[in-house]
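Working notes, structure below.
Just the heavy atoms: all of them, side chains too, but no hydrogens, waters or symmetry mates, feed the values below.
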Amino acid sequence: MAKIESVCVFCGSRVGDGPARRALAAETGRLIAEAGMRTVYGGGHVGLMGVLADAALEAGGEVIGVIPEFLHEREVMHSGLTELVVTPSMHERKAEMHARSDAFLVLPGGIGTLDEVAEALSWISLDLHRKPVILVDRAFWSPLSHLLSEMERAGFLSPDLLDDTAFVETAGEALALLAELGGRD
């Protein structure tokens, strides 16, 4: 794998149930910027997405938002980004985010975040990419971890899919893992 320069972060358009998730998003944005990597995300100024982008920008990072036209028209986009890409649909949004990223971090979120991580994992299983997928906040993602393990045990999932997937607790662990993977071929 080449050096990781752009990290796509999937996360909620809501802040969730407490200050810990907001702090996680802020720390993630800050650490990505401090590592000299570009943040690619969903382009919103709301929820954990907005917290992430604001923190990365405040830390001097480059932040690229990718937002579908219908959300842009509702003015939920972040207006202070390095670059804002407007796509015709959600499908093109995900494809653009994938194309612009070398790795994926997944923070807590709702059904949209689940859809995004499922597609990233599906594309690994289809050999469309071998980019790492790191889910941050082990307790939040433990049901998905269990489900993926059960799918593998039952023969529905290739064991090598999980080679490119990790579950970690903190943003610091995620960035350390990205630094380690960035040197991998």
Between atom CE of Met90 and atom CG of Asp115, what is the distance when rounded to the nearest 0.5 Å?
7.0 Å
Pairwise distance CG(Leu48) to OG1(Thr113) - rounded to 0.5 angstrom
8.0 Å
Gap between atom OG of Ser101 and atom CD of Glu96 - 0.5 Å precision
9.5 Å
I'd like to know if the side chain of Ser149 reaches the main chain of Ser145, judged simply by a donor and an acceptor atom lying under 3.5 Å from each other, with no hydrogens or angles considered.
yes
Among Glu5, Lys3, Arg38, which residue satisfies the side-chain contact (heavy atoms from CB on, under 4.5 Å) criterion with Asp102?
Glu5
Result of checking Leu57, Ile64, Thr39 against Leu81 for side-chain contact (heavy atoms from CB on, under 4.5 Å)
Leu57
As an exercise, state the distance from CG of Leu178 to CD1 of Ile4, rounded to the nearest 0.5 Å.
4.5 Å
Could you go through the side-chain contact (heavy atoms from CB on, under 4.5 Å) check for Lys94 and Glu116 one step at a time?
CA-CA 7 Å; Lys94 290 186 288 184; Glu116 290 164 335; 4.1 Å; yes
Between Arg100 and Glu83, does at least one N-O distance fall below 4.0 Å, as a salt bridge requires?
yes
Trp123: ring-ring contact (aromatic ring centres under 6.0 Å, His included) partners, not counting sequence neighbours
His98
Would you give the length of the straight line joining atom CZ of Phe10 to atom CG of Leu107, rounded to the nearest 0.5 angstrom?
11.0 Å
Distance, nearest 0.5 Å, that separates OG1 of Thr165 from CG of Leu121:
4.5 Å
Checking Arg93 now: which residues fulfil side chain to side chain donor-acceptor pair (under 3.5 Å) with it, not counting sequence neighbours?
none
